[in-house]
Amino acid sequence: MAEYRLTTPLSEEDVRKLKVGDTVFLEGTIFGIRDANLIRMFEHNVPPPVDLTGAACIHTAPNVRKVNGGYEKVCIGTTTSSRMDRFTPGLMGQYGVRAIIGKAGMMEASMEAMKKYGGCYLAIVGGAASWETEKIQAIEGVWWEDLMPEAIWKFRVRDFGPLIVAMDSEGNNMYYQVKARARHKLADIYKRLGV
Amino acid sequence: MTTASVNGELYSIVEDTAKSLYIKALKDLPPDVRQALQKAYETETEDTPKKVLSTMLEAIAISDDKQRLLCQDTGIPLYFVKVGSRLNIDIPRLQEAIVRGTERATVEHPLRSSVCHPIKRTNHQTSTGYRIPLINLDFVKDDDTLEILMVPKGSGSENMSFLKMLIPAEGIRGVKKFIIDSVLEAGANPCPPFVIGVGLGGTADLCVKLAKLAAVTRPLGSRNDDPDIAALEEELLEAVNQLGIGPMGLGGKTTALALNIEYAYTHITQNPVAVNIQCWPARRARAKIDAYGRVEFGY
């Protein structure tokens, strides 16, 4: 299992070399996306107001403070990704997103998109918002502020990790693998419990 | 309480305490949870779970240093209140004081309000609404203290809640199978390694409540007073950890930090079992208010 330091925007080559179990640290910028802005993009067909080519997007809606016309971070944490599964094909196919950062993994629609366009899912530790907030240097941009806090956010990051490659561009899904191994052990566990 | 002056001030003391407890629970992880995560870190041998647990420990240290919320999800606020039988307390006023304390924590800190109407999805931005915070009352005989336990229950874990009305013929075997299957279904979603609460017996509603009590009110490492239940807790915790779901569902030895069971008698034709899960930051904060209005904070 390899460790990579990648700088955004990510290329297809950057992402295709990543395999499940690898560790990634990101440098550059990441975009905060979430239910409301994804619904506007794909259900109301409004193109994103910022170029997402090669982007790494994180499933978040941060707590922020308005200071001198800009925003300052208060608490930034990651939410459960499965709600956003249906948007990954559009993000990767139409807008060129390369990586989704989230917790607890995604499903078939996202796996297919990652294989087809060269994308990956990077698992961050959920519930560790204090750590995540520390890792984000600054808020560099915000679009669609009317959706606050589910606007589109641009964060500057340095040494942003460890992120674990949990879904890769070959269609491997670590969450599926872990569950498959658990199911394989079930018969033995049942037996020991007298079930 | 014992004196009229304390009696008059009691509700403002409760209000301030309810406010402080909500903020404390979000920032200051209980020592038993810290120890369990540290132990899990030492137990894991593979690279990925070690990295995940090390990040969790780092997040706790940052919360301590910078007084920052550990998780952005401020949850549904739950209060478990034990009222001493010797206290002369106006319960509706006590409940109002807790609601006001919750609102003040949210507005004055400020905290993100995660509480909304179930249909309209409107959010008062106060972490309160009809029937929320949830205030559970319990009464203790021959006692003159008021104990308040505050738990912010996040949605990642609460969404993974399960109830099954088994039939008596399925017996304890059915119960064990349901618990293991529920944990496997929950998988990565509740931010493992988690605390599993199991409710056994009662009616459907009581069974679910017992599971919640087991998941969020008991210190980690505690065992049920009933030796049969305690043995079942140990047996099931070991079984759950054999699944190998691991920290954040990425594989590993530690899927659960604890498994607690609370039970009640049930109907001869029923065999209910419920599972409620608490995420790795098993957040809680406790305070005891004595007869003189003095407040002692703990976990």
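Remember, it's a predicted structure, so these values are computed and weren't measured experimentally. Every chain is numbered from 1 and lettered A, B, ... according to where its sequence line falls, protein lines coming before strand lines.
- At distances below 3.5 Å, at least one donor-acceptor pair connects side-chain atoms of B/Trp280 with backbone N or O atoms of A/Gly126.
- Chain A forms the most heavy-atom pairs under 4.5 Å with one residue out of B/Lys27, B/Lys66, B/Arg283, and that residue is B/Lys66.
- Within a 6.0 Å sphere centred on CD of A/Glu134, heavy atoms belonging to other residues, nucleotides or ligands number more than 12.
- Few gaps surround CD on A/Glu43; more than 12 heavy atoms of other groups in view lie less than 6.0 Å from it.
- Heavy atoms only, all atoms of each residue included: B/Gly244 and A/Val178 are closest at O-CG1, 3.6 Å.
- Among B/Leu69, B/Leu250, B/Val240, the residue with the largest count of heavy-atom pairs under 4.5 Å with chain A is B/Leu250.
- More than 12 heavy atoms of other residues, nucleotides or ligands lie within 6.0 Å of NZ in B/Lys24, so this atom counts as buried by the packing criterion.
- Of the two parts of B/Asp65, neither the backbone nor the side chain holds a non-hydrogen atom closer than 4.5 Å to a non-hydrogen atom of chain A.
- Using a 4.5 Å cut-off between heavy atoms, A/Ala128 contacts chain B through both its backbone and its side chain.
- Side chain of A/Lys179 to main chain of B/Leu184: a donor-acceptor pair is present (N/O by atom type, distance under 3.5 Å, no hydrogens or angles).
- For chain A, the option among B/Glu58, B/Lys51, B/Arg68, B/Arg173 with the highest count of heavy-atom pairs below 4.5 Å is B/Arg68.
- Closest heavy-atom contact between B/Ala59 and A/Trp131: CB-CB, 3.7 Å.
- Between A/Thr78 and B/Gln72, the shortest heavy-atom contact is O-NE2, 3.3 Å.
- The neighbour count for A/Lys116 NZ, taken as heavy atoms of other residues, nucleotides or ligands under 6.0 Å away, does not exceed 12.
- In this structure, chain A has a heavy atom under 4.5 Å from the side chain of B/Asp47, while its backbone stays farther away.
- When the candidates A/Ala129, A/Pro62, A/Cys75 are compared by the number of heavy-atom contacts under 4.5 Å with chain B, A/Ala129 comes out ahead.
- In terms of heavy atoms, B/Lys176 sits closest to A/Leu193 at NZ-O, 3.0 Å.
- The parts of B/Asn189 that come within reach of chain A are both its backbone and its side chain, each placing non-hydrogen atoms under 4.5 angstrom from that chain.
- Heavy atoms closer than 4.5 Å to chain B are found in the backbone of A/Ile124, but not in its side chain.
- The contact between A/Val74 and chain B is made entirely by backbone atoms, counting heavy-atom distances below 4.5 Å.
- Taking both residues in full, the closest heavy atoms of B/Pro281 and A/Gly127 are given as CG-O, 4.0 Å, listed atom of the first, atom of the second, then distance.
- One finds the CD1 atom of B/Ile180 at 8.0 Å from the CG atom of A/Leu186 (value rounded to the nearest 0.5 Å).
- In plain terms, the two heavy atoms of A/Val195 and B/Lys177 that are nearest each other are CG1-CB, 3.6 Å.
- Counting heavy atoms of neighbouring residues, nucleotides and ligands inside a 6.0 Å radius, atom CD of B/Glu185 does not exceed 12 of them.
- A distance of 10.0 Å separates CG in A/Asn63 from NE2 in B/His109, rounded to the nearest 0.5 Å.
- Crowding of B/Lys50 atom NZ: a count of heavy atoms from other residues, nucleotides or ligands under 6.0 Å exceeding 12.
- Taking CE of B/Met248 as the reference point, atom CD1 of A/Ile164 lies at 11.0 Å (rounded to 0.5 Å).
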